[in-house]
Protein chains: 2
Amino acid sequence: MEDVAREAGVSRALVSLVMRDSPKVSPAKRTAVLESAAALGYSPNRLASRLASHRTHTLGVLFLDLHNSVFADIHDGLSAGLAGSGNQVMVAVGSADPRTELEAVRSFVDLRVDGVILAGYTGTSEDLTAALRGTPGVVITRELEADGVDSVLTDDFRSGVLAVEHLYGLGHRRIAHVDISDWLPYTARREGYLHAMRQFGLEPQLVHSDMTERGGRAVMEQFLDSGAERPTAIFAHNDLTAIGVMEALAGRGLAVPSDVAIVGCDNIEFAASPLIGLTSIDQHARELGLVAAQAMLDRIAGTAGPAATRKLEPALMVRRSSDPAA
Amino acid sequence: MEDVAREAGVSRALVSLVMRDSPKVSPAKRTAVLESAAALGYSPNRLASRLASHRTHTLGVLFLDLHNSVFADIHDGLSAGLAGSGNQVMVAVGSADPRTELEAVRSFVDLRVDGVILAGYTGTSEDLTAALRGTPGVVITRELEADGVDSVLTDDFRSGVLAVEHLYGLGHRRIAHVDISDWLPYTARREGYLHAMRQFGLEPQLVHSDMTERGGRAVMEQFLDSGAERPTAIFAHNDLTAIGVMEALAGRGLAVPSDVAIVGCDNIEFAASPLIGLTSIDQHARELGLVAAQAMLDRIAGTAGPAATRKLEPALMVRRSSDPAA
DNA sequence: TTGAAAGCGCTAACAC
DNA sequence: GTGTTAGCGCTTTCAA
């Protein structure tokens, strides 16, 4: 920068202004600076500028799992929502391990990102607040009580209810739920399921899995082989699991939906594929990203209140896996 | 840091040493520093430490498309390969747009990352070299001629050949290829296809699409509706496209593989699903990530030569879409 | 082992 | 508009 200034015959400050294209630089000097910068192959060290300016224009984003395309959809929404805001995104993957997740958040904070967005955080509110140290946060797919942390999600309880109501309406009475690990803070889908089952006077049946296709398949195979009475319908925690369940059923020669009807949750791209035809509860993933981006921008701009929750309404997408007519 | 030093009754330099757990600090002082740091809620500003130390211990990683799970596999490999190296990863998504990609690379470089890994770069070698400004680079899924940039890929030409040989062996003679845009630098799969077709004295037939499920589907529907003579087998550039092609065929009431056999490329998770059963050419995505991570670590350590290419051998995975017996 | 001093490359007031 | 002067918060000699 020193060199560029000398070469262009101006001061370092002027170079700095040009680099940030400030309006208060004369066109002549501007081109002079730009030319010598090009000649010398100079580009500003952003580490230094960030350190000096206390602004990084970078947002840290944490995803639970890159293999679940619902996070790709959320990412699309975030990118779209952040486009033109001058912010860039730094992605980390947490793998459903609170330790890894918090490590990533701390890392973001140590780098002084302007904000942290978490899509699929599995730890506690206290740990997050501690790791954030006052950095603005937005949590997607979950409702969290924490100062300065907004929540953006789709109503998971309602999703569970929608699934059961749909299956009940089709005449099903033995409806099982493939749930996730007990310790995970994502309980609302299960609760919605349990609530609706009770409302209809039905006996709930829970099986635990791990949110993956492989997991859903394994748990279902095990279940089918156990000789337990088979449900006529299954509501799975997410689409990946639901697809795994469908694979297990196919492997045992059972037909979907005539032997067992399936409903997933998330409405990922593959669920909609005619090859799969999975009935699912749309979480509006892309819009979650969009809304979260806006919430973060508001929070950074200081125009946000203490901590808001934005909850979207889920939408039932009926397909072949629950209704052959669809 | 000043405060911590005062609180612990030591100098700032000592605090710095403790924070980087240097071995040359007495245990007593160490705990004293750690305690006052905890008491004051201090954590080092990594921007500052990076600026001063000229090392960021961060690698920039660029992915072509988060919706294609082959990149999630590559990411898994990278994480595994980098685990324990003390490096963290910063992800950006390029969306097959050279401008966006170069922008991301420049951004990485301006932040002084220690290296840049590109999985699915679509621009030119010159532009990349210019954007990198000497930062070590590793390109995955492509062979690039550039100083200080290693290439890690699976033999794409061979993949194309494998696909055709497989289909020829099954008796197919009218084998079409669903290709990608002409301007993209990923031409080897097509060339392998063309080469093998010529070898067998067959007439090649190319259709262009865009590497996505939706794109593959659209192009196939259009093709089927055009009334052109239908091939008996199709080799698609990647699995996403192949799945789109299968959807289009299903939509027109054509059976796979009896009416049309399909071979994809990448061997993504869903290809292996019994619900899809797509024959594919495995690119060993996870291993690509692993190898790329190692190449980058070597390059950063300075133990790498000028620019090496590591090429893996693709593997044919036969499934239902080409062979009902599989 | 510990401390003092000199940067890292840039931004931000302020004065010119 | 343009230049001057301090820092930003840490690392790094180097001497003690």
Side-chain angles (χ1 to χ4, degrees), chain A residues 1-37 40-58 86 88 106-114 133-135, chain B residues 1-37 40-58 86 88 106-114 133-135:
Chain A
M1 179 158 164
E2 192 74 60
D3 303 336
V4 176
R6 196 177 321 112
E7 170 90 8
V10 299
S11 76
R12 293 179 26 194
L14 211 264
V15 176
S16 173
L17 287 177
V18 171
M19 280 345 246
R20 286 175 282 150
D21 30 51
S22 150
K24 28 187 170 182
V25 177
S26 67
K29 299 254 176 187
R30 149 165 281 121
T31 54
V33 169
L34 253 25
E35 270 172 22
S36 15
L40 294 167
Y42 166 83
S43 86
N45 181 331
R46 292 222 218 166
L47 278 182
S49 76
R50 288 174 174 203
L51 178 60
S53 71
H54 298 282
R55 287 287 262 111
T56 59
H57 296 288
T58 297
Q88 78 170 118
R106 266 184 233 110
S107 183
F108 284 149
V109 171
D110 288 348
L111 284 168
R112 301 298 188 263
V113 297
D114 293 344
R133 297 165 163 273
T135 306
Chain B
M1 178 155 164
E2 191 73 60
D3 303 336
V4 176
R6 196 179 318 112
E7 169 88 8
V10 299
S11 75
R12 293 180 25 194
L14 211 260
V15 175
S16 172
L17 287 177
V18 172
M19 279 348 241
R20 284 175 284 149
D21 29 51
S22 150
K24 29 187 169 185
V25 178
S26 67
K29 299 254 177 188
R30 150 165 280 121
T31 54
V33 169
L34 254 25
E35 271 170 22
S36 12
L40 294 168
Y42 167 84
S43 87
N45 181 331
R46 292 221 220 168
L47 278 182
S49 74
R50 288 174 173 203
L51 178 59
S53 70
H54 298 283
R55 285 289 261 113
T56 59
H57 297 287
T58 297
Q88 78 171 117
R106 267 184 231 109
S107 183
F108 284 148
V109 171
D110 287 348
L111 284 168
R112 301 298 188 265
V113 296
D114 292 344
R133 296 164 164 275
T135 306

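To find a chain, count down the sequence lines: A is the first, B the second, and so on, and within it residues start at 1.
What separates CG of B:Leu111 from P of C:dG9 is a distance of 15 Å, to the nearest Å. Between the CD atom of A:Glu2 and the P atom of D:dT4 there is a distance of 11 Å, given to the nearest Å. What separates CZ of B:Arg55 from C1' of C:dG9 is a distance of 19 Å, to the nearest Å. Between the CG atom of A:Leu47 and the C1' atom of D:dC10 there is a distance of 12 Å, rounded to whole Å. The OH atom of A:Tyr42 sits 10 Å away from the P atom of C:dG9 (whole-angstrom rounding). Atom-to-atom, NE2 of A:His54 to C1' of D:dG9 comes out at 9 Å; the value is rounded to the nearest Å. Nucleotide D:dG9 holds its P atom 14 Å from the CG atom of A:Asp110, rounded to whole Å. For the pair B:Asp3 CG and D:dC10 P, the interatomic distance rounds to 10 Å; values are reported in whole Å.
A side-chain donor-acceptor contact under 3.5 Å links A:Arg50 to the backbone of A:Thr56.
When all heavy atoms of A:Thr135 and A:Val113 are compared, the closest pair comes out as CG2-O, 3.8 Å. Shortest non-hydrogen contact noted between A:Met1 and A:Ser16 is CE-CB, 3.5 Å. When all heavy atoms are compared, the tightest approach of A:Pro44 to B:Arg112 is O-NH1, 4.2 Å. Closest approach of B:Val4 to B:Ala37, counting heavy atoms only: CG1-N, 3.9 Å.
Side-chain proximity of B:Leu51 to D:dG9, D:dC8, C:dA12: nearest is D:dG9. Side-chain proximity of B:Asn45 to the nucleotides D:dT11, C:dC8, D:dG9 is greatest for D:dG9.
With values rounded to the nearest 0.5 angstrom, B:Glu35 atom CD is found 13.0 Å from B:Arg30 atom CZ. We find the CZ-OG distance between A:Arg133 and B:Ser43 to be 4.0 Å, quoted to the nearest 0.5 Å. Once rounded to the nearest 0.5 Å, the distance linking OG1 of A:Thr58 with CG of A:Leu111 reads 9.0 Å. A:Asp114 CG to A:Gln88 CD: the interatomic distance, rounded to the nearest 0.5 Å, is 10.5 Å.
A rotation axis mapping the C1' atoms of four pairs onto the next four is fitted at both ends of the helix from C:dT1-D:dA16 to C:dC16-D:dG1 over five pairs, and the angle between these axes is 20° to 10 degrees.
Across residues 7-27 of chain A, A:Val10, A:Ser11, A:Ala13, A:Leu14, A:Lys24, A:Val25, A:Ser26 each have a non-hydrogen atom less than 4.0 Å from an atom of DNA chain D (numbered order).
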